[in-house]
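Presented below is the structure to which this report refers.
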Amino acid sequence: MLKWMIGLTVFASTLCGLSIDSKPTSVIRASAESGLDRPEGLTFSPSGDLIAVANSLANTITFYKRIEAGVYETTPAYTIQGEESWLNYPHDLSFSRDGTFLAVANRSGNAITLYRKNLEKNQFENTPFAMIQGRYTHISAPDAVRFSPTDNLLAVANLLSNTVTLYRYHQNRFFSMPIQVIRHPILQVPDGIDFSKDGQWLAVTSHDAHAVAIFKQTSHGKYDAVPMQIIQGEETHFTYPHSLSFHPQTNVLAVSCSQGRQNVHLFVPEAGVFPNAPEFSMEVLEMYDASTIHLIEHLWQEGGVKGVAFSPDGKSIAVTQNLCQDMLKLPYPVGVLAIYPVD
C-alpha cells in the first residue's frame, strides 16, 4: 500500500499579512472508515462547521464535522451516496450562501445535481431535488461548480466544451437555461472555478494551458467574455492547475496544481491586478517515498494537489490529494485531506 508522507515546505512565511503554518491541524486519510476515495473538490459550509468532499470514484459526498478551530472529525457525520443520489464521478461541489443548497458537478453524469438541507435532521437529503442537465443547458462534463457569494448565480466549468456557463436561481427554483456561456481560447480543459469575495471576479483554471483566467463582472451582472487578466508563464510555476480559492477577506488567490511538488501557489492582488509570479508557494502532502516514487512515471499529470479551499473565516486552508488509482488498478481507497492554519 502507498505510504503517505505528510509535510509542507514553506518558501515564504508571510503573505499579505497572512502566514501559513507548516503543521496541519487535521489530516484525514483514505480508508473505509473515513470514506475518502480519490477525493477531488472540497468546500467548507458557510458557518465552517462542516467540510464536504467529492469522492470521484466512490460516487459519494462525505461531510466532516468541526470539533474545534481547524480540527475536524476523521469519520463522516453523514454521506450522500447510492443510486438515488444520482452521483456519477462527482468532481466538485459548492454550498449556497445561506447553506440551504449543495450543488455537485458530476463529470461522467454530465449533470449538476442539487441537494436541499433537511432542517429537522440538520443534514442534506440523499436525493437531489433538482438537476441541471440536457442539451439546452450547455452542460458538458462539468468539472467545477460555484455559487456566487453575492448574487443568485451558479457558475459551472465544462470540461469537454471548454466553456463556463452561468445559471440563475430564485428561492428553490434553478433555471436550466444559462444566462451566459463564456468561450475563450484560453479555456483549455477548465478544471476549477471560484468567485472573489465581492463577486466582481470569476477565476477559472485552464488545465492544459497551464493558466488561470480572471473574468470581470459587468454592470448587467454577467461577466466579460474576454478575461481581464490571464495568469500564465514559467514564473507562475503552474503544472496542470486544478482548483482555486479566493481568501474571503483579502482576495488572495490560492491555486492548486495536479502535478508537481510545489503544488499550491498563492497570488496577492495589487490595485486589482495579480502578478504572474506567486507571492508564496508550498509543497503539501507529498505522497511518495522510495517504494512508490516510480508511480509518478505512469501518472504524469498527477501527484499534486486537487481541491483547495479557504475556510469562511479565512483562518484555515484545506487541500485534497490523490492518485489516479483507476489507472493503477489499486484495490484500495487513495487520498488525503489536510487542513493548515492561516494566521
- What's the verdict on side-chain contact (heavy atoms from CB on, under 4.5 Å) for Tyr78 and Asn126, showing C-alpha distance, side-chain angles and the deciding distance? CA-CA 10 Å; Tyr78 62 96; Asn126 202 56; over 6 Å; no
- Item | Worked verdict on Val53 versus Tyr64 for side-chain contact (heavy atoms from CB on, under 4.5 Å) | CA-CA 8 Å; Val53 181; Tyr64 303 90; 4.0 Å; yes
- Message: Quick one, Asn55 with Thr60, criterion side chain to side chain donor-acceptor pair (under 3.5 Å). Give me CA distance, side-chain angles, the key distance, then yes/no.
- Response: CA-CA 5 Å; Asn55 298 286; Thr60 63; 3.2 Å; yes
- Report the C-alpha distance between Gln180 and Thr218 in whole Å, list the side-chain angles of each, state the deciding distance to 0.1 Å, and finish with yes or no for side-chain contact (heavy atoms from CB on, under 4.5 Å). CA-CA 12 Å; Gln180 185 177 8; Thr218 68; over 6 Å; no
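Pairs of residues two or more places apart, or lying in two chains, that qualify as salt bridge (charged side-chain N to carboxylate O under 4.0 Å, His left out) and include a residue from residues 141-158 are Asp92-Arg146, Arg107-Asp143, Arg146-Asp194.
For Ser245, the side chain to side chain donor-acceptor pair (under 3.5 Å) criterion is met by no residue, not counting sequence neighbours.
Not a single donor-acceptor pair under 3.5 Å links the side chain of Asp343 to the backbone N or O of Pro341. Put simply, the side chain of Ser258 gets close to the backbone of Tyr240: a donor and an acceptor are under 3.5 Å apart. Within the 3.5 Å criterion, the main-chain N or O of Pro275 finds no donor-acceptor partner in the side chain of Glu270. Side-chain atoms of Lys222 come within 3.5 Å of backbone atoms of Ile179 as a donor-acceptor pair (strictly under, hydrogens ignored). In terms of modelled atom types and a separation under 3.5 Å, the side chain of His242 and the main chain of Cys257 share no donor-acceptor contact. Side-chain atoms of Ser56 come within 3.5 Å of backbone atoms of Arg38 as a donor-acceptor pair (strictly under, hydrogens ignored). Under the 3.5 Å distance criterion, the side-chain polar atoms of Asp37 are left unmatched by any main-chain donor or acceptor of Leu57.
Residue Ile231 comes nearest to Gln229 through the heavy atom pair CG1-NE2, 4.0 Å, listed as atom of the first residue, atom of the second, then distance. The nearest pair of heavy atoms linking Met131 to Ser176 is O-OG, 4.2 Å. Among all heavy-atom pairs drawn from Gln249 and Asp313, the shortest one is OE1-O, 3.2 Å. Minimum interatomic distance between Glu235 and Asn276 (heavy atoms only, all atoms of both residues): OE2-ND2, 3.1 Å. Nearest approach of Ser206 to Pro241, heavy atoms of both residues: O-CG, 3.7 Å. Scanning both residues, Ala141 and Asn110, for their nearest heavy atoms gives N-OD1, 2.6 Å.
In this pair, Phe195 and Tyr223 present their aromatic rings tilted. The plane angle is within the 30 to 60° band.
Rounding to the nearest 0.5 angstrom, the gap separating the OG atom in Ser96 from the CZ atom in Arg116 is 11.5 Å. The distance from the CD1 atom of Ile28 to the CD atom of Glu73 is 9.0 Å, given to the nearest 0.5 Å. For the atom pair CZ of Phe215 and CH2 of Trp201, the computed distance is 14.5 Å after rounding to the nearest 0.5 Å. Atoms OG1 and CZ, from Thr137 and Phe174 in turn, are 14.5 Å apart once rounded to the nearest 0.5 Å. One finds the CD1 atom of Ile193 at 11.0 Å from the OG atom of Ser243 (value rounded to the nearest 0.5 Å). Atoms OG1 and CG, from Thr43 and Leu93 in turn, are 6.0 Å apart once rounded to the nearest 0.5 Å.
The side-chain hydrogen bond (donor to acceptor under 3.5 Å, both in side chains) test with Asn152 is passed by exactly one of Gln171, His170, Arg97, Arg168: Arg97. For the ring pair (Phe, Tyr, Trp, His ring centres under 6.0 Å) test with Phe95, the passing option among Phe124, Phe44, Phe101 is Phe124; the others fail. When the options Thr320, Val319, Val336, Val255 are evaluated for a side-chain contact (heavy atoms from CB on, under 4.5 Å) with Val305, the one that passes is Val319.
No continuous path of hydrophobic side-chain contacts links Phe63 to Leu114 [ILVMFWY only; heavy atoms under 4.5 Å]. Residues Tyr72 and Leu337 share a single hydrophobic cluster, defined by chaining ILVMFWY side chains whose heavy atoms lie under 4.5 Å apart.
Side-chain atoms of Ser85 and Asn59 include no donor-acceptor pair closer than 3.5 Å.
Within a 6.0 Å sphere centred on NZ of Lys197, heavy atoms belonging to other residues, nucleotides or ligands number more than 12.
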